[in-house]
Amino acid sequence: MTDAKTKAAATAPARGRRSASFLNPGLILDAAMAIIEHDGPDALTFRRLGVTLKADHTAVLRHFGSKDDLLIALAGRLMDVALEGFTPDENWRETLLALARRVRSAALAHPGVAVLVSARSARQPSVLGAADAAIGALRQAGLPVQEAALCYQVLADTAMAAAAYEAATVNLDSEAREGDELAWRRQYLAAPPQKYPHLASAAQHLADIDNDREFEALMGLLLDAVELRAQRARDADENGHRGH
């Protein structure tokens, strides 16, 4: 083999692989999400990405230097899905409810991704816009800025945690999920009223609760607490002015 042919063979892509020049972050994230949704979070590796994209896995590393970088980017992609087209409502409660519902909808649309990245911080402009809208809504509710910052963090973390927990149940195979739900309901319904009178009286109502109602109740409780804290802040402010 001549020197020219040897050099060409060394630099040519392996059979079945494409040149890495076609890759970009968006294409890689599309492939990563498809892998997770088809085979679960544990299936996501750089080698698997390379196989899916028909490129050497080292080419993927040129765009995402580590698995951590890839996960942060996936968290950003998930939040972009959640916040696409979002605009704040004139009513502060509706703004915060809309944000929470969007997070949940995105998590349930991509449950494997949600489970994988729920604890990561998405570093996207869309997230900054949502944070600004949420803090503005909390200020509109009557919270001082320090309280608004705290409540924003609580609301954001709680909405994501609840959505990720629900997404984790979606990730279970149907037999395991149905078995868990049935066992849970039977346990409550079978609770002896002599030993657990309050639980027995509520057992049927517990069995009737679905995920939608539970999420709405969770957010309602949190927003009621925001109203209470805002009222306390207003009362403290009025009392301070009277004191002067």
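Position 1 is the first residue of the sequence; numbering continues from there. No experiment lies behind these values; they were computed from the predicted model shown.
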* Asked: Is there a side-chain contact between V51 and H57 (heavy atoms, below 4.5 Å)?
  -> no

* Asked: Ion pair present between D212 and R104, side-chain N to carboxylate O less than 4.0 angstrom?
  -> yes

* salt bridge (charged side-chain N to carboxylate O under 4.0 Å, His left out) contacts in which one or both residues fall within residues 105-122, not counting sequence neighbours -> D68-R120

* To do: Could you tell me whether a side-chain N or O of Q140 sits under 3.5 Å from a main-chain N or O of E90, the two making a donor and an acceptor?
  => yes

* Nearest-0.5 Å distance that lies between atom CG in L228 and atom CG in L223 -> 12.5 Å

* R234, CZ atom: more than 12 neighbouring heavy atoms under 6.0 Å -> yes

* CD/E216: more than 12 non-hydrogen atoms of other groups inside 6.0 Å -> yes

* Indicate the atoms forming the closest heavy-atom contact of V226 with A141, along with that distance. => CG1-CB, 4.2 Å

* Is there a path from L97 to L218 through hydrophobic residues (I, L, V, M, F, W, Y) whose side chains come within less than 4.5 Å of each other? -> yes

* L49 vs L70 side-chain heavy atoms within contact, under 4.5 Å -> yes

* Could you pull out the closest heavy-atom pair between I35 and R48, with the gap in Å? => CD1-CG, 3.6 Å

* Asked: Does the pair V113 and V117 meet the rule for a side-chain contact (heavy atoms from CB on, under 4.5 Å), with working shown?
  -> CA-CA 6 Å; V113 178; V117 305; 4.2 Å; yes

* Asked: Are the side chains of M219 and R101 in touch, meaning some heavy atoms are under 4.5 Å apart?
  -> no

* List the atom of D69, the atom of F64, and the distance in Å for their closest heavy-atom pair. => O-CD2, 4.0 Å

* From L29 CG over to D80 CG, what is the distance, rounded to the nearest 0.5 angstrom? -> 10.0 Å

* To do: Quick one: closest heavy-atom pair of G112 and P41, and the distance?
  => O-CG, 3.6 Å

* Do the side chains of D30 and R77 get nearer than 4.5 Å, heavy atoms only? -> yes

* Between CG of L150 and CD of Q153, what distance do you get to the nearest 0.5 Å? -> 8.5 Å

* To do: State, yes or no, whether a side-chain contact exists between V103 and M79 at a heavy-atom distance under 4.5 Å.
  => yes

* **Separation of H110 NE2 from L116 CG (nearest 0.5 Å)** => 13.5 Å

* For the hydrophobic clusters of this structure (ILVMFWY residues joined by side-chain heavy atoms under 4.5 Å, transitively), does one cluster hold both L143 and I135? -> yes

* Asked: Does the side chain of L189 reach to within under 4.5 Å of the side chain of L206, using non-hydrogen atoms?
  -> no

* Flag side-chain contact, heavy atom, 4.5 Å: L83 against Q124 -> no

* Report the C-alpha distance between R93 and D224 in whole Å, list the side-chain angles of each, state the deciding distance to 0.1 Å, and finish with yes or no for salt bridge (charged side-chain N to carboxylate O under 4.0 Å, His left out). => CA-CA 9 Å; R93 283 185 75 110; D224 288 347; 3.1 Å; yes

* Cluster check I72, L61: I/L/V/M/F/W/Y, side chain < 4.5 angstrom -> no

* Where is the tightest heavy-atom contact between A159 and A100, given as atom of each residue plus distance? -> CB-CB, 4.1 Å

* Decide if atom CD of E94 counts as having more than 12 heavy atoms of other residues, nucleotides or ligands within a radius under 6.0 Å. => yes

* To do: Would you give the length of the straight line joining atom CZ of F46 to atom OG of S66, rounded to the nearest 0.5 angstrom?
  => 6.5 Å

* Asked: Between R102 and E84, is the closest basic N to carboxylate O distance under 4.0 Å?
  -> no

* Asked: Strictly by modelled atom types, are D89 and T95 linked by a side-chain donor-acceptor pair under 3.5 Å?
  -> no

* Asked: If two hydrophobic side chains count as joined below 4.5 Å and joins carry through other members, does I36 share a cluster with V170?
  -> no

* In one Ile/Leu/Val/Met/Phe/Trp/Tyr side-chain cluster, 4.5 Å: L27, L71 -> yes

* Would you confirm whether T158, through its side chain, and L155, through its main-chain N or O, come within 3.5 Å as a donor-acceptor pair? => no

* Asked: Which atom names give the shortest non-hydrogen contact between A137 and W92, and what distance separates them?
  -> O-CB, 3.2 Å

* To do: Please round to the nearest 0.5 Å and tell me the distance separating atom CG of L44 and atom CG of D39.
  => 10.5 Å

